[in-house]
Protein chains: 2
Amino acid sequence: MLPAAKPKRRHVEMLAAAAKVFARRGYHGASTQDIADVLGIRQASLYYYFHSKEAALEAVCTVGVEDYAKHAQAIAGQRVSAADKVAQLVFRHLAPLAERQDYTIVFLRERRFLPPPARERIRAIERRYERLIERIIRQGIDGGEFRADLDARLATLALLGLGNSAAAWYGREPGVTLERITRDYVDLLVRAFRKGAAPVYSLEPSRRRA
Amino acid sequence: MLPAAKPKRRHVEMLAAAAKVFARRGYHGASTQDIADVLGIRQASLYYYFHSKEAALEAVCTVGVEDYAKHAQAIAGQRVSAADKVAQLVFRHLAPLAERQDYTIVFLRERRFLPPPARERIRAIERRYERLIERIIRQGIDGGEFRADLDARLATLALLGLGNSAAAWYGREPGVTLERITRDYVDLLVRAFRKGAAPVYSLEPSRRRA
DNA sequence: ACTCCTCTCTATTGATCTATAGAATGGTAG
DNA sequence: CTACCATTCTATAGATCAATAGAGAGGAGT
């Protein structure tokens, strides 16, 4: 039977070891020996659990991405304000960093190295997640809660960019807790999305060349 | 004489080839053969230009990062509003994507694979850039232009996260020009930073577990 | 014609890495 | 005691890759 089909106790440890190593050294920079070292077993013993290094990468990426779309779907169905939904989206986007940062990092950085079929499977989940966010923002605009001139696509990319960037530095910024990031980023996004006076600034740095 | 010391015509082509290959396949996923293929020369011929693959990575990363701190310094010295400075920071941060996206991507994703001495050199430039941004934001707060409860560190990370995320998808989002990203992201940040009524939303998704 | 100098070549070494084959270990149940 | 199963082992094949050594080609200047 294929090991990937029955997730037992040791399989979970394997996955965690792979996530840790891939997150620290990158997929191509990590050797199967590195993963084996974490588990205290021989390099060849890994192949009892995975068909290939690529399969291990897909397994880690899947854990890294799977819950996002699910939660976004649940949030989209609620009957609350768009601002509330954005708040919950950010909360759910950042929450995995507490316990699964390695998986998140690997998903974000290494998914592009997946072989085409696996990459497409992961991409499908991503796309669903992005569309759900974009729809929530668009509904906020259409409902008059968010600015009419807000670009839903760019707003979505902003939310994702902001959330994903936290994965890169969370844990290395002294004193910055998940709660604070969530609060501040939600605040930042909702302030930027809601109706209000247009800010005044000169976009073109006119006194500088080019 | 060390090739890296005198940047001639072909050296620039080499660097561009390395940037392109590192950006697409990642540093560890790219072989020196891949770079040689882009240039139409043999793998071993590369070593006329670089001592090592790592040296090529440092050269690419240096190009990718060097101008940011320089421009930020110039912006910090101007006598304009903090919002104007933020606008110029974002503009200068995104501008390199037009002509040097590969270098930017490699700097962002692959700099962590540099050997410690080179990594420290790159890090020093980064740190200077971050401090300049943070100081500009802090001055906006102290001057009463930005919200008093704005966290300057998190605001800096937000600006960087937003700007850096664009490097990942710029060119693959149909119809999204650099001008539009700059305008929208500046708008987003300035709206979020300036004084204004606190938004209303429920941070805790109370009807969901955990 | 001779000499640099720049650039590229051929040929190869040695290290590293994924993956396979098949044996050994140890626990558990009949 | 024996059979079975899950897990880890040894040993190695086969491929890829960074890097070195040293030769050759061709242009510019003298």
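Keep in mind the model is a prediction, meaning the values are calculated, not measured. Here is the naming used below: chain letters follow the sequence lines, and residue numbers restart at 1 for every chain.
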K.L.:
With sequence neighbours left out, what residues match B:Phe22 under ring pair (Phe, Tyr, Trp, His ring centres under 6.0 Å)?
P.N.:
B:Tyr27
K.L.:
Once you round it to whole Å, what is the distance between C1' of C:dT20 and NZ of A:Lys53?
P.N.:
17 Å
K.L.:
Once you round it to whole Å, what is the distance between P of D:dA19 and OH of B:Tyr49?
P.N.:
17 Å
K.L.:
Is there a side-chain contact between B:Val86 and B:Phe91 in this structure, where contact means two heavy atoms from C-beta onward sitting under 4.5 Å apart?
P.N.:
no
K.L.:
Which residues pass the ring pair (Phe, Tyr, Trp, His ring centres under 6.0 Å) test with B:Phe113, not counting sequence neighbours?
P.N.:
B:His28
K.L.:
Quick one: A:Tyr47 OH to C:dT20 P, roughly how many Å, whole number?
P.N.:
8 Å
K.L.:
Write down the distance between CD (A:Glu54) and P (C:dT18), rounded to a whole number of angstrom.
P.N.:
11 Å
K.L.:
Take atom CD1 of B:Ile35 and atom C1' of D:dC17, then tell me their distance rounded to the nearest Å.
P.N.:
12 Å
K.L.:
Under 3.5 Å between N/O atoms: give me all the protein pairs with nucleotides 10-13 of chain C, atom names plus distance.
P.N.:
residue	atom	partner	partner atom	Å
C:dT10	OP2	B:Arg42	NE	2.9

K.L.:
Assess the residue pair A:His93 and A:Tyr129 against the criterion (side-chain hydrogen bond (donor to acceptor under 3.5 Å, both in side chains)); give the C-alpha distance rounded to whole Å, side-chain angles, the decisive distance to 0.1 Å, and a yes or no.
P.N.:
CA-CA 11 Å; A:His93 193 92; A:Tyr129 182 45; 2.7 Å; yes
K.L.:
To the nearest angstrom, how far is A:Ile41 atom CD1 from C:dA19 atom P?
P.N.:
15 Å
K.L.:
May I have the distance from A:Phe113 (atom CZ) to C:dC17 (atom P), rounded to whole angstrom?
P.N.:
17 Å
K.L.:
For the CZ atom on B:Arg180, are there more than 12 heavy atoms of other groups (residues, nucleotides or ligands in this structure) within a distance under 6.0 Å?
P.N.:
yes
K.L.:
Do B:Arg121 and B:Leu114 come close enough that some side-chain heavy atom pair is under 4.5 Å?
P.N.:
no
K.L.:
Can A:Gln33 and A:Asp37 be counted as having a side-chain donor-acceptor contact under 3.5 angstrom?
P.N.:
yes
K.L.:
Please state how far atom NE2 in B:His51 lies from atom P in D:dA18, giving the value in whole angstrom units.
P.N.:
17 Å
K.L.:
Taking ring pair (Phe, Tyr, Trp, His ring centres under 6.0 Å) as the test, write out the residues that go with A:Phe146, two or more places apart.
P.N.:
A:Phe193
K.L.:
A:Asp67: which residues meet the side-chain contact (heavy atoms from CB on, under 4.5 Å) condition with it, sequence neighbours left out?
P.N.:
A:Lys70, A:His71, A:Arg100
K.L.:
For a quick test of reading the model: is some side-chain N or O of B:Tyr48 closer than 4.0 Å to OP1 or OP2 of C:dT8?
P.N.:
no
K.L.:
Check each residue of residues 25-33 of chain B for a non-hydrogen atom within less than 4.0 Å of any atom in DNA chain D, then write out the ones that pass by number, or none.
P.N.:
B:Ala30, B:Ser31, B:Thr32
